[in-house]
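This report concerns only the one structure given below.
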Amino acid sequence: MLVYPSGIDLSSRSLQHLSGLLAGHRRRIASRWRRLTCGRQAVLVLAHLRCGDTYARLAAGFRVGIATVHRYIREAVDLLAALAPTLEQAITMVRKKAYVILDGTVLPIDRIAADSPYYSGKKKHHGMNVQVLADPAGRLIWASDALPGAVHDLTAARTHGIPAALATDDVKCWADRAYQGAGPAVRVAFRGKNLRGWRRRYNRDHAKIRSLGERAMATLKCWRLLRKLRCSTTRITAVVRAVVALELAA
């Protein structure tokens with residue numbers, strides 16, 4: 001198999017952060033010998049998450065077995081996922097902010113038509129529903145556990161306890177019409193196409209604020225693995241949390 005050098009559009013800070021995390025883990029478990037150093041393992045994991053490289057391609061490029069690649073990636077993802085903030089920690093972070101932006105996305109997965117719980121009628125494809133909180137500048141703050149794509153955004157937000165957490169800490173939140181009825185803390189636009197007067201102006205201003213949340217979604221989807229997930233649905237939450245941890249550390 002031909003092998004060629006490639007690049008990863010990440011800063012060295014991400015590599016150093018993950019390398020240090022892996023080095024500490026190896027010391028704790030007293031790992032004596034590995035085929036790859038901490039730095040090389042970190043590059044392998046980042047290539048998988050950022051570029052979406054498959055296990056077979058990574059195994060050929062790093063000259064290790066596919067089982068070794070799987071083990072290295074799972075190990076690093078679990079370490080990173082443990083560092084991702086919980087909802088309570090995220091709410092604590094945003095108390096000093098003017099408001100937060102709530103939005104949901106459906107990450108595509110490779111499932112067949114029979115897997116109806118994962119089919120999103122809105123997106124017209126199978127996927128996993130992930131709720132995201134962003135600050136007023138559109139920076140990613142927190143991402144939820146992944147739920148089947150058939151779950152509505154409002155149901156997902158309630159399942160994760162987002163409206164209740166926002167109301168308890170009196171944090172203002174802006175969201176789209178999918179969150180209508182989420183509670184007093186979540187502000188949504190008025191329904192209807194022919195609105196006039198202050199309702200029309202309110203919707204226009206609301207859209208300007210909420211559109212900044214798309215930056216957080218774009219940040220999440222810059223990690224190409226999340227554009228088409230082929231792993232088990234039970235591992236998607238850990239992958240999303242690992243990506244959030246890397247973004248917050250960068």
Side-chain angles (χ1 to χ4, degrees), residues 1-4 6-10 14-15 18 41-62 64-81 84 103-134 138 140 142-153 156 160 176 178 213-248 250:
M1 180 177 291
L2 296 175
V3 178
Y4 66 94
S6 183
I8 306 174
D9 55 339
L10 290 172
S14 298
L15 177 62
L18 183 52
Q41 182 182 354
V43 172
L44 183 151
V45 173
L46 292 175
H48 177 67
L49 295 175
R50 188 69 173 187
C51 305
D53 289 344
T54 63
Y55 289 175
R57 293 180 62 182
L58 292 170
F62 287 84
V64 295
I66 293 179
T68 301
V69 172
H70 177 270
R71 186 170 64 253
Y72 279 173
I73 291 175
R74 189 182 184 95
E75 178 183 55
V77 165
D78 288 343
L79 289 173
L80 288 167
D103 202 357
T105 186
V106 178
L107 303 176
I109 61 174
D110 59 340
R111 287 298 182 270
I112 60 176
D115 296 319
S116 56
Y118 298 99
Y119 185 78
S120 170
K122 178 180 178 181
K123 298 295 185 179
K124 306 301 181 185
H125 61 70
H126 293 80
M128 298 293 286
N129 184 300
V130 174
Q131 300 296 300
V132 171
L133 287 178
L140 181 65
W142 173 83
S144 71
D145 294 348
L147 296 175
V151 178
H152 190 272
D153 281 340
H160 300 307
D176 61 29
E214 296 299 327
R215 294 181 183 178
M217 288 299 180
T219 298
L220 201 63
K221 292 179 180 178
C222 280
W223 298 80
R224 295 172 187 83
L225 182 67
L226 299 182
R227 297 179 188 178
K228 186 66 173 182
L229 288 155
R230 294 177 174 83
C231 60
S232 169
T233 54
T234 60
R235 292 291 301 166
I236 293 176
T237 293
V239 171
V240 173
R241 288 184 174 275
V243 167
V244 172
L246 283 169
E247 281 292 340
L248 294 179

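In this chain, numbering begins with 1 at the start of the sequence shown.
- A heavy-atom distance below 4.5 Å is found between the side chains of Val43 and Phe62.
- Shown here for Ala245 and Ala84, the closest heavy-atom pair between the two residues is CB-N, 4.2 Å.
- With hydrogens and angles ignored, the 3.5 Å screen pairs a side-chain donor or acceptor of Ser144 with a backbone N or O of Gln131.
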task = Test side chain to side chain contact (heavy atoms under 4.5 Å, CB included) on Arg241 and Val244 and set out the steps.
result = CA-CA 5 Å; Arg241 288 184 174 275; Val244 172; 5.6 Å; no

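- Pro148 and Asn129 get closest at one heavy-atom pair: O-CB, 3.9 Å.
- Taking each heavy atom of Leu18 and Ala76 in turn, the nearest pair found is CD1-CB, 4.3 Å.
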Salt bridge (charged side-chain N to carboxylate O under 4.0 Å, His left out) between Asp103 and Arg215, worked out = CA-CA 11 Å; Asp103 202 357; Arg215 294 181 183 178; over 6 Å; no

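- Considering only heavy atoms from C-beta on, Leu10 stays 4.5 Å or farther from Leu15 through its side chain.
- The two atoms that bring Ala156 and Val151 nearest to each other are N-CG1, 3.7 Å, heavy atoms only.
- In this structure, His70 and Tyr55 have perpendicular ring planes: the angle between them is above 60°, well past the 30° mark.
- Smallest separation of non-hydrogen atoms from Val64 and Val69: CG2-CG2, 3.6 Å.
- Atom OH of Tyr119 sits about 9.0 Å away from atom NE2 of His125, to the nearest 0.5 Å.
- In this structure, Leu225 CG and Leu46 CG are separated by 12.0 Å, a value rounded to the nearest 0.5 Å.
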request  = Under the salt bridge (charged side-chain N to carboxylate O under 4.0 Å, His left out) rule, what do Asp9 and Arg50 come out as? Steps first, then yes or no, please.
outcome  = CA-CA 8 Å; Asp9 55 339; Arg50 188 69 173 187; 3.0 Å; yes

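- For the residue pair Glu247/Trp223, the side-chain donor-acceptor check at 3.5 Å is satisfied.
- The closest side-chain heavy-atom distance from Val130 to His160 is not below 4.5 Å.
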key: Audit row: Val132, Trp142, side chain to side chain contact (heavy atoms under 4.5 Å, CB included) steps and yes/no   = CA-CA 6 Å; Val132 171; Trp142 173 83; over 6 Å; no

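- Between the side chain of Lys221 and the backbone N or O of Ala218, no donor-acceptor pair lies under 3.5 Å.
- The structure places CD1 of Ile73 at 4.0 Å from NE2 of His48, a figure rounded to the nearest 0.5 Å.
- Atom CG of Leu140 is separated from atom SG of Cys222 by 11.0 Å, given to the nearest 0.5 angstrom.
- Although no hydrogens or angles enter the test, the distance criterion places a donor-acceptor pair under 3.5 Å between the side chain of Thr237 and the main chain of Ala146.
- Rounded to the nearest 0.5 angstrom, Leu80 CG and Glu75 CD are separated by 10.5 Å.
- Minimum interatomic distance between Ala81 and Ala238 (heavy atoms only, all atoms of both residues): CB-O, 3.6 Å.
- Here Cys51 contributes atom SG and Arg224 contributes atom CZ; the two are 5.5 Å apart, rounded to the nearest 0.5 Å.
- Distance alone, capped at 3.5 Å, is enough to place a donor-acceptor pair between the Gln41 side chain and the Tyr72 backbone.
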inquiry  = Working note: Met128 + Leu147, criterion side chain to side chain contact (heavy atoms under 4.5 Å, CB included); need CA distance, chi angles, decisive distance, verdict.
reply    = CA-CA 5 Å; Met128 298 293 286; Leu147 296 175; 5.8 Å; no

query = Does the pair Asp110 and Leu229 meet the rule for a side chain to side chain contact (heavy atoms under 4.5 Å, CB included), with working shown?
reply = CA-CA 7 Å; Asp110 59 340; Leu229 288 155; over 6 Å; no

